[in-house]
Amino acid sequence: MTASNQDPCAAPEQKLLPVAEARSRILDAVAPIEGDEMLPLRSALGRILAEPVRAGIDVPAFANSAMDGYAVRGADLAADTACAFELIGQAMAGTPFDGSVGPGQAVRIMTGAVIPEGADTVIMQEQVEVDGRRVRIGPGQKAGANVRHAGEDIRAGETVLEAGIRLLPPQLGVIASLGQAEVRVRRRLRVAFFSTGDELVGLGQPLGPGRIYDSNRYTLHAMLTRLGAEVIDLGVIPDSRDAVRMAFADAAAQADAVITSGGVSVGEADYVKETLEAMGEIDFWRIAMKPGKPLAIGRLGAARFFGLPGNPVSVMATFYQFTQPALEKMMGTTPNPPPLLQARVAVPLKKSPGRLEFQRGFMEATANGELHVRPTGGQGSHLMTSMSRANCFIILPAESGGAEAGAMVQIQPFAGLV
Ligand code: AMP
Ligand code: MG
């Protein structure tokens with residue numbers, strides 16, 4: 001018989017949920033919201049396309065010149081001798097040449113002007129000598145050169161943009177090129193959020209003893225705004241049963257998703273837990289992740305609930321890894337996290353095996369194009385400057401025991417996170 005079961009110093013059973021599993025469970029638990037609206041194109045920046053965009057016209061709508069030069073018939077060009085052409089007119093962008101180009105004839109043409117009837121080739125003006133109405137074109141020109149064909153970019157009837165994409169400057173440009181002044185987008189996702197904690201003081205107030213300023217509401221507001229949500233800031237909720245109940249009822253009545261920070265560590269979450277159990281459902285997870293072990297996921301009436309930890313870096317790390325993809329799915333788009341890259345770490349990184357770590361790093365490309373990364377100071381989950389000085393996460397696998405100086409590590413650039 002062994003004494004190991006009774007050993008009072010034995011490590012407690014650690015049952016932590018792997019990050020990837022937590023992410024896929026959260027994604028499975030949410031669904032896109034219903035509702036859309038028609039918006040003028042300029043107001044649609046950052047919004048999610050609700051229906052495919054179909055082209056009503058060819059783009060370009062007509063064959064036109066890619067160069068300033070001379071439009072001729074390709075068949076008139078000789079491979080190894082210069083040829084002389086007669087200049088018969090000009091074609092400007094917006095003002096076509098009103099005639100036809102015959103054998104031996106050329107039309108002065110500007111970029112974007114309609115290719116005149118009969119012509120099929122444009123010779124760059126740099127390759128041409130002009131003397132009055134005589135145009136001399138050197139050898140070696142290619143028939144068909146410098147012509148942009150009708151429908152080369154987009155064919156009428158074609159689906160140009162699929163529903164569910166986020167409208168960024170290039171997509172707005174494509175829609176504008178089709179002449180469409182309005183676009184149908186998903187309605188904004190309404191997200192209510194608040195901070196919990198008796199120690200929290202609003203900005204502009206004096207700090208009493210043991211008090212701290214509420215910074216999480218500002219990072220959450222910023223991340224939600226950049227994500228394109230309609231943000232509903234419900235302030236700071238004190239650690240009291242009545243306050244939590246009222247805030248939850250208020251939030252659930254107006255939002256598709258509710259986010260809180262703080263109050264989900266062990267022994268602390270009682271009001272959050274009992275209120276959610278009464279009004280909906282809640283699941284507490286301990287995730288194999290650092291920072292950001294505790295996370296509460298649930299439902300509050302019809303709204304989805306995300307209870308993030310209180311420490312400021314944990315709020316951002318858990319928001320990016322779990323909440324952002326879930327909210328993106330609710331908004332009707334496919335989560336598209338920034339790619340994971342490899343970088344060489346300049347200094348040793350400390351870590352104990354057990355949890356996947358999101359250390360904060362600053363990456364830069366060296367002269368030879370290799371990415372280098374270094375940690376941005378102390379890695380405590382209360383140290384917000386580690387985040388504000390960083391431009392990427394350094395992701396160390398759960399089983400890893402750290403990295404030596406010069407080792408390759410995985411990084412996730414912040415670009416693409418909101
Ligand atoms: P909690 O999860 O409520 O135990 O909070 C963990 C840590 O995060 C504590 O040091 C809190 O004081 C801190 N914290 C909680 N909420 C906020 C907030 N809104 N802004 C800044 N720090 C916070
Ligand atoms: Mg607290």
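Order of listing sets the numbers, starting from 1, for every ligand and every atom in it. All values reported here derive from a predicted model rather than from experimental measurement.
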(message) Between F305 and F248, does the ring pair (Phe, Tyr, Trp, His ring centres under 6.0 Å) criterion hold? Intermediate values first, please.
(response) CA-CA 10 Å; F305 175 85; F248 279 13; 5.5 Å; yes
(request) Please say whether R217 places an N or O atom under 3.5 Å from an N or O atom belonging to ligand 1. (result) no
(request) Before signing off on this row, confirm whether P312 and ligand 1 have an N or O atom pair separated by under 3.5 Å. (result) no
Heavy atoms only: give me the nearest [X]-[Y] pair and the separation to one decimal.
X	Y	answer
I57	S177	CD1-O, 3.9 Å
A403	V345	CB-CG1, 4.4 Å
A63	V147	CB-CG1, 4.3 Å
L308	V315	CD1-O, 3.9 Å

Interfacing atoms of ligand 1 (cut-off 4.0 Å, heavy-atom, [X]):
X	value
G263	1 (P), 2 (O), 3 (O)
D214	18 (C), 19 (N), 20 (N)
Y213	20 (N), 21 (C)
E199	11 (C), 12 (O), 15 (C)
S215	20 (N), 21 (C)
S195	19 (N)

(request) For Q125 and R108, test the side chains for any donor-to-acceptor distance below 3.5 angstrom and give the result as yes or no. (result) yes
(message) I need the contact type for I212 against ligand 1. Using non-hydrogen atoms and a strict under-4.0 Å cut-off, is it side chain, backbone, both or neither?
(response) side chain
(request) Report the part of H382 in contact with ligand 1, treating N, CA, C, O as backbone and CB onward as side chain, heavy atoms under 4.0 Å; options are side chain, backbone, both, neither. (result) neither
(message) Taking E274 first and then R245, would you say they form a salt bridge - that is, a charged N and a carboxylate O separated by under 4.0 Å?
(response) yes
